[in-house]
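Down below is the structure, laid out as structure tokens.
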2 protein chains.
Amino acid sequence: MKIALIGFGNVGRALARLLSRKRAEFPFTIAGIHTLRHGTAVGEGVTPVLEGKTGGTTHPTSIEEFLDAARADIAVELTTLDPSTGEPAISHIRAAFARGAPVFNIWRHAMPGVKVLGFTGALNSTSKVVIETMERGGSFADGLSAARAMGITEADGAFDVEGWDSAAKTAALANVLLGARTTPQRVSTRGIGNLTPERVAEIARNGKTVRLVSRGRRTASGVSLRVRAEVLDRCDPLASLPGTSNIILFHTDLMGTFGTVSIEPTVEQTAYGVFSDLVDLPRR
Amino acid sequence: MKIALIGFGNVGRALARLLSRKRAEFPFTIAGIHTLRHGTAVGEGVTPVLEGKTGGTTHPTSIEEFLDAARADIAVELTTLDPSTGEPAISHIRAAFARGAPVFNIWRHAMPGVKVLGFTGALNSTSKVVIETMERGGSFADGLSAARAMGITEADGAFDVEGWDSAAKTAALANVLLGARTTPQRVSTRGIGNLTPERVAEIARNGKTVRLVSRGRRTASGVSLRVRAEVLDRCDPLASLPGTSNIILFHTDLMGTFGTVSIEPTVEQTAYGVFSDLVDLPRR
């Protein structure tokens, strides 16, 4: 199967490495790579060109020209998303659908016959680093600096601490798991912007801590989705996982509450999520 | 697809309820039920007979006679296992294979292309209840009584606190995930039998606790499998989940460390595990 790769940042590069490593077992080839800032290349063996390892040439082109030239079976969209507009992913996906290429870039969860009734997750690492920094006596700004130094947040960190990263993940989970048709803007969201070192210390003296928690559940009228700073026991599974680890608990009809944890995930795991979608394609 | 159900205890009954509930979506029927102590019934609609809800008749028979009469597509083995002999399940499964019926009664985990390098789990609830009872000032025997009252352990509890329940689960995980061909007897196992309330209290004063932990990993020469009482931070995810919840962390090549948690699972979840195997059959 030939893949048209749209976006070639950290995840795209990790996916290219993974596909190369698993080629004997899973015969996917990259038929072309389209980037916003580093040009576009089409034809098998393009990966080294864009990684600057060979003398091959690339040239900028539109998404439509790229897809027409790549003639791939599948388009994989991995560009950086503007969460308020959904761009440029929406335009890329529209162009791919117009050419009949399936597009997969979202983690899917399927358990036959199980209905997910709701979910609870602590999905934002930057806010956790900020809170842990304040627990150790640092300031809010110190925490943001620490998160930046770890490479887990953008320049000003507002997207994370104001809850929008969590809201985007909450909306995506709700769309996939609860059949919602929603957007991050429609998630009731409050961040940790008002949290002070004094308040964090007071909470810690009671053996508790704070986490930015995403909650979604089905209701009679649709779905209820919210992101809030919640006071949790220090040993609560939503609070106690190390470093950048994350946890999501799923509340279901047949399976009770079960969950998944990812311990200090890296870009390799994100790439694997895309890879497993690709492998799953022939089964659908 | 017609199912021959061997064993009709708590899990078998929960599975029958689940199949009935999901019949419109997943057209499985129970063609017969074989029990060790409550007779055998063959023919569609047998479930109410064995539940004593109708006046139908049942009669004891051998496993071979039962399988010949049921003429099912699939046999599901859910009897209580003697972990030292593997019986009666082994005889049941041999009889089913001799008749060409596939047999599925183990949870399977599959992620395409991922190699599991090892796993770590806290899989035994009885030992946890005993430890928590001692942390609250009770005796070892008090803890066993509490576990019995919760319905999570057998008469004397030795199977749990001496580590054999954990060893059986460790061997099963190793066989499925690590390609081991092993038995519980070959897992290096030490239980919590020597743990005293005094020692537990001393550990608790340092902010720590004890859990019976199963560990498996691939080695150059095969697999290394062990069950040990380990001292853990009170907030360690292996220690902090509530009640009878369990957690397994998988160490992998492509996915780093990820895990699954099951919050206070009941027999309904066990039945769902069998159900999902059944649903998965046509895809194989």
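Each chain gets a letter, A, B and so on, in the order the sequences are listed, and its residues count up from 1.
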Using a 6.0 Å cut-off, check whether atom [atom1] of [X] has over 12 heavy atoms from anything other than its own residue.
X	atom1	result
A:Arg218	CZ	yes
B:Asn175	CG	yes
B:Arg228	CZ	yes
A:Arg23	CZ	yes

A:Ser240 versus B:Ser240, closest heavy-atom pair with distance: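 That would be OG-OG, 3.9 Å.
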When rounded to the nearest 0.5 Å, the distance separating CD1 of A:Ile263 from OG1 of B:Thr120 is 10.0 Å
* For each of A:Thr252, A:Asp236, A:Thr257, tally heavy-atom pairs with chain B at distances under 4.5 Å, and name the one with the top tally. =>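 Among the listed options, the one with the most contacts to chain B is A:Thr257.
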